[in-house]
Amino acid sequence: KQMSNFFENTRKPMGNSGRLLTIMMNRGHAAMAKWGLSHIVLDKSGHVLDVGCGGGANLVRLLALCPDGLVTGVDYSEISVEKSKKLTSAAIHGGKCRVLQADVSELPFAKDSFDFVTAFETIYFWPEIEHAFGQVFRVLKPGGIFLICNEADGRNEKDELWTEKIPGMVIYNADQLAAFLQGEGFINLCISSDTKKHWLCVTAQKSL
């Protein structure tokens, strides 16, 4: 029972085990996140949204890459928002960062708000993924870039064990993601993968 609750926490961290999980995520996903970020060139004054910001480690990385910009994190987990706020408190007080509790299915931002949107290890849990991608498209500025980075590329049978343990988790392959993104109007898709580790990175652009 406890173990099943722990796995469910990967989807939406809650309680003390959720707090522990956000720390584990920050450490465990570091190499993959750095690899993913190597696939885009961020503007130093860019406005960036990280959807599913988890423990906030990627907000810290994005703040370092956009020292003159604004980095926004959203997560639907109260625990994740709490942890991310702690980790970025100096940047929040300095007006460089904000962290909000929100759901990807209804992002609380105006159209054309961000230069970049990032999603690390999170789209597995997005319900109605095409609608969610449409929300990302809406809040991106024309020409803006959406970066998806996953540790599972949908081509490793072992990863299916996770979908059995975590309710609501879906692992997508590159072709599926490309179809969803193009269906929502994204262009200039670029797909990168680490075939040994089964990592997947997809970038897509909102048309000008």
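Remember, it's a predicted structure, so these values are computed and weren't measured experimentally.
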salt_bridge(Asp112, Lys141) N-O dist < 4.0 Å: no
Arg98 side, atom CZ; Leu49 side, atom CG - distance, nearest 0.5 Å: 8.0 Å
Asp75 side chain vs Gln101 backbone, donor-acceptor pair below 3.5 Å: no
Set of salt bridge (charged side-chain N to carboxylate O under 4.0 Å, His left out) partners for Lys86, sequence neighbours left out: none
Separation of Cys53 SG from Leu62 CG (nearest 0.5 Å): 10.5 Å
Residue pair Trp126 / Tyr172: nearest heavy atoms and the distance that separates them: O-OH, 4.4 Å
Shared hydrophobic cluster for Val71 and Leu37 (ILVMFWY, side-chain gaps under 4.5 Å): yes
Asp153: salt bridge (charged side-chain N to carboxylate O under 4.0 Å, His left out) partners, not counting sequence neighbours: none
Gap between atom CD of Gln135 and atom NZ of Lys111 - 0.5 Å precision: 12.5 Å
Got a list of side-chain donor-acceptor pairs under 3.5 Å for residues 40-47, not counting sequence neighbours?
from  : atom 1 : to    : atom 2 : distance (Å)
Asp43 : OD1    : Ser45 : N      : 2.9
Asp43 : OD1    : Ser45 : OG     : 3.0

Stepwise side chain to side chain contact (heavy atoms under 4.5 Å, CB included) check, Lys206 with Phe146: CA-CA 8 Å; Lys206 179 173 177 175; Phe146 180 27; over 6 Å; no
Phe133 backbone acceptor or donor facing Glu184 side chain under 3.5 Å: no
Any His39 side-chain heavy atom under 4.5 Å of Cys190 side chain: no
Test log, rule side chain to side chain contact (heavy atoms under 4.5 Å, CB included), inputs Leu140 and Ile145: CA-CA 7 Å; Leu140 268 174; Ile145 300 292; 5.8 Å; no
Residue of the set Leu100, Val74, Val99 for which side chain to side chain contact (heavy atoms under 4.5 Å, CB included) holds with Val81: Val99
Passing candidate, side-chain hydrogen bond (donor to acceptor under 3.5 Å, both in side chains) with Thr118, options Thr203, Asp50, Asn58: Asp50
Asp194: salt bridge (charged side-chain N to carboxylate O under 4.0 Å, His left out) partners, not counting sequence neighbours: none
Pairs where residues 82-111 contributes a residue and the test ring pair (Phe, Tyr, Trp, His ring centres under 6.0 Å) is met, not counting sequence neighbours: Phe109-Phe114
Heavy-atom pair with the smallest gap, counting every atom of Leu59 and Gly73: CD2-CA, 3.7 Å
Close side-chain approach of Phe120 to Val51, heavy-atom, < 4.5 Å: no
Approximate separation, where rounding is to 0.5 Å, of Leu65 CG and Phe116 CZ: 10.0 Å
Tyr124 side-chain N/O to Ala152 backbone N/O, donor-acceptor pair under 3.5 Å: yes
Side chain Ser113, main chain Ala110, donor-acceptor under 3.5 Å: yes
From CA spacing to verdict: side chain to side chain contact (heavy atoms under 4.5 Å, CB included), Glu151, His198: CA-CA 6 Å; Glu151 275 189 329; His198 287 282; over 6 Å; no
Side chain proximity check, Trp199 to Ser193, heavy atoms < 4.5 angstrom: no
Can you list, pair by pair, the side-chain donor-acceptor contacts under 3.5 Å of residues 173-182, counting residues two or more places apart and other chains?
from   : atom 1 : to     : atom 2 : distance (Å)
Asn173 : OD1    : Asp175 : N      : 3.1
Asn173 : OD1    : Gln176 : N      : 2.9
Gln176 : OE1    : Asn173 : N      : 2.8

Derivation and outcome, side chain to side chain contact (heavy atoms under 4.5 Å, CB included), residues Cys201 and Leu147: CA-CA 7 Å; Cys201 177; Leu147 167 74; 3.3 Å; yes
Residue from Val104, Val170, Ile123 passing side chain to side chain contact (heavy atoms under 4.5 Å, CB included) with Ile129: Ile123
